[in-house]
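What follows is a single structure, written as structure tokens, with notes after it.
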Amino acid sequence: MARELTEQEEVRREALQKLQELGVRPYGYSWDVTHHAADILEDFDDTQHAADDGAEPAERMEVALAGRIMSRRIMGKASFLHLQDESGQIQVYVRRDDLPEDYYNTVFKKLLDIGDIIGVRGFAFRTRMGEISVHAEELELLAKALRPLPVEKETEGRVFNEVTDKEFRYRQRYVDLIVHSDVRHIFRQRARIISGMRQFLDERGYVEVETPVLQPIYGGAAARPFKTQHNALGMPLFLRIADELYLKRLIVGGFDGVYEISKDFRNEGLSRYHNPEFTMMELYVAYRDYEWMMSFVEEMVESLAVLLHGKPEVSIGETTISLARPWRRVPLFDAIAEKTGHDLRGRDRDELASVAKGLGLEIDDTMGSGKIIDEVFGEFVEPHLIEPVFITDYPVELSPLAKRHRTKEGLVERFEAIVNGKELCNAFSELNDPVDQRSRFEDQVALGSRGDSEAMQLDEDYLRALEYGMPPAAGLGVGMDRLTMLLTGQNSIRDVILFPLLKPEAPTDQTPDGP
RNA sequence: GAUCCCGUAGCUCAGUUGGCAGAGCAUCUGACUUUUAAUCAGAGGGUCCCUGGUUCGAGCCCAGGCGGGAUCACCA
């Protein structure tokens, strides 16, 4: 079991022991922080606070801060280090004669390392080289690091020895966050997106609710679930793949607008767009339809972009995309005709199959007409839609929970917003006819018995709820991870999820089963 | 699940035709009281992802496996 320690780990453990022998507490309890690094850099005033050697400044800027030692330059009886806290980094100047007897020589120089967390009290000044720094008058170890931190060096914007190994960074995200300020920034932006959206919804009076993660019948999306087991009840349960059916029960119950921001779980492959657990926002609003919802989505997404960037624009790699309202609204069949030259409206299943084959797609007998249309769209249209656009009016067989279109036969009132070639959200006028809903479920069950592992289950309780009467409603689902990717310009979902799922590092002999 | 690429010191990487395992940073020892990729002098540090094979000899060649990345498939 005992792992062999590296030389540097041995050295740090010996340092820990020596600290304890010297009576120096290696793990502190608290430190009164008065300033963060960024505050000092911002508030420092040369006319008030600057002073060269010895000369007293007009007014001392007294500061107390805490953070991690990121670099050290020891020059005999004085040293410089960079301290990093949540706000950024600042240089600290440490002089032997300003610290207690022997502390500098026996503790600071010998027993502290890059990666240790310390508290510093002193005053701000500007060095001869022009860098605003903190002259330490008190220094205390708050946490001894027993592992060496991957050390990066930087000059004039160039970074050396940067940790680049993706696996290292995902597995040891804590280290990734320490050494990459841009990664910290992305996750702060993610938090702002989620809180910004919550505020947007709350301001409009929608009620945030919580619905079950563990469900006896899963539904609301086409996906395979994770299955688990409740021991005391002796019953199988599924982790939710969507919140939809529970939220609409609440619309039946008399809430006129409810939303939930939560994890959904889908038992499918991993890719740069898919993590098995991901964050979804679903919203349902009574007495509204999908036209209204399109305007709502435009306003929400535009406002989130402005919140993050100060303007309704995002940059992804080389491209800049405007998210300003209004967005184009294009019926699905028009979008397909635009890109492929084929009008698929009113074609039967075999005609659709031959068109798709003519375009070079592989079509097999299990694929229904809806699926074929979806394939054509996904292959030839979606990737080319860079500026935001609402694609509307989908085939009914692709959308078992959406309401039939009020004028277009065979279609439902559904839209997806596509940005940068990817779906950003999915929404529809909700089906509130319990008789139609039952027959749609039955179609799904039939698909399931033909081997479609993603077909929905028939949910009797949901039908019972609809039979009491659900007001007309508009529903929306937004993948928060993909929204974050878009708004922060990331091209892998793993870069917007703090701890993305990875295979285990090494075979473990622990049983994954609970007690 | 398929294909391609990758896996060498704490980190970033080199490693010739198959011939004693290398560099920079980090670490250790010493010098240095405003440095900043600090500098100068010296030292230590390796399961070359794992298992097997070929060979006198494998980091390098071959087979299988593990992990990661990218693309595809599946999938929103």
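Residue numbering restarts at 1 for every chain, and letters A, B, ... go by the order of the sequence lines.
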Nearest nucleotide by nearest heavy atom, which residue falls closer to the 5' end of RNA chain B, A:L112 or A:R494? A:L112

By nearest heavy atom, map A:E375 and A:L502 onto RNA chain B; which one lands nearer the 5' end? A:L502

Within the structure shown, what part of the strands sits under 4.0 Å from A:E268 by heavy-atom distance: base, sugar-phosphate, or nothing? sugar-phosphate

Provide the closest heavy-atom pair for A:K263 versus A:T279 in the form atom of the first, atom of the second, distance. CE-OG1, 3.7 Å

Is it possible for you to check whether A:R72 lies under 6.0 Å from the centre of the six-membered ring of A:F108, through NZ or CZ, and within 45° of that ring's axis? yes

To the side chain of A:R96, which of B:rA37, B:rU33, B:rC75 is closest? B:rU33

Need one value for A:A223: base, sugar-phosphate or nothing, where a base atom within 4.0 Å counts as base even if backbone is also close, heavy atoms only. sugar-phosphate

What's the closest nucleotide to the side chain of A:Q8 if the choices are B:rG10, B:rC32, B:rC11? B:rG10

Nearest to the side chain of A:E454, which nucleotide is it out of B:rC75, B:rA26, B:rU34? B:rC75

If you check every side-chain atom of A:E7, which of B:rG24, B:rC13, B:rG45 has the closest atom? B:rG45

Side chain of A:I74 - closest among B:rC32, B:rC11, B:rG69: B:rC32

Answer yes or no: does a side-chain N or O of A:R73 lie under 4.0 Å from OP1 or OP2 of B:rA38? yes

Counting side-chain heavy atoms from C-beta on, which of B:rG67, B:rU34, B:rA26 comes nearest to A:K153? B:rA26

With rounding to the closest Å, how many angstrom separate the P atoms on B:rA14 and B:rG44? 26 Å

Hey, do the aromatic rings of A:Y93 and A:F125 have their centres closer than 6.0 Å? yes

Identify whether any heavy atom of A:R414 sits under 4.0 Å from a base atom; if not, whether one sits that close to sugar-phosphate; answer base, sugar-phosphate or nothing. base

Looking only at the side chain of A:H274 (C-beta and beyond, no hydrogens), which of the listed nucleotides B:rU12, B:rC74, B:rG67 gets closest? B:rC74

Any side-chain N or O of A:T127 less than 4.0 Å from the OP1 or OP2 oxygen of B:rU34? no

Distance-only donor-acceptor check, side chains A:D495 and A:Y170, under 3.5 Å: yes

Suppose we call a contact any N or O donor and acceptor under 3.5 Å apart; does that hold for the side chain of A:D165 and the base of B:rG68? no

Counting the atoms with a prime plus P, OP1 and OP2 as sugar-phosphate, which does A:N275 contact under 4.0 Å by heavy atoms, base, sugar-phosphate, or nothing? nothing

Side chains of A:E154 and A:H82: donor-acceptor distance under 3.5 Å anywhere? no

Quick one: are A:E397 and A:L447 in side-chain contact, heavy atoms under 4.5 Å? no

Watson-Crick or G-U wobble mate for B:rC25, both contacts under 3.5 Å: B:rG10

Which nucleotide, B:rG68, B:rU33, B:rC13, lies nearest any side-chain atom of A:R171? B:rG68

When both distances are under 3.5 Å in a Watson-Crick or G-U wobble arrangement, the nucleotide paired with B:rA2 is B:rU71

Categorize A:Y273 for me: base, sugar-phosphate, or nothing, with a 4.0 angstrom heavy-atom threshold over every strand shown. nothing

Counting only N and O atoms by type, is there a donor-acceptor contact under 3.5 Å from the side chain of A:E430 to the main-chain atoms of A:G475? yes

Please tell me if A:K109 has a side-chain N or O lying less than 4.0 Å from either OP1 or OP2 of B:rA31. no

On a plain distance test, is the side chain of A:E152 in donor-acceptor contact with the base of B:rU12 below 3.5 Å? no

Determine the Euclidean distance between corresponding C1' atoms of B:rA2 and B:rG15; express it in Å to zero decimal places. 33 Å

Nearest to the side chain of A:E379, which nucleotide is it out of B:rA70, B:rA73, B:rG10? B:rA73

So for A:E162 and B:rU12, does any side-chain atom that can act as donor or acceptor lie under 3.5 Å from a complementary atom in the base? no

At 4.0 Å (heavy atoms only), tell me whether A:R158 reaches a base, stays on the sugar-phosphate, or touches nothing. nothing

Checking base pairs now: Watson-Crick or wobble, both atom distances under 3.5 Å. What partners B:rC40? B:rG30

What nucleic acid atoms does A:R12 come within less than 4.0 Å of, heavy atoms only: base, sugar-phosphate, or nothing? nothing

CG of A:L99 versus C1' of B:rU33: gap in Å, rounded? 12 Å

In whole Å, measure the gap between the P atoms of B:rC4 and B:rC62 for me. 13 Å

Rounded to whole angstrom, note down the C1' distance from B:rU16 over to B:rC61. 15 Å

Looking at every strand, decide which applies to A:S71 at a 4.0 Å heavy-atom threshold: base, sugar-phosphate, or nothing. nothing

Looking only at B:rA37, B:rA26, B:rU35, the nucleotide nearest the A:F160 side chain is B:rA37

Who is the Watson-Crick or G-U wobble partner of B:rG64, with both distances under 3.5 Å? B:rC50

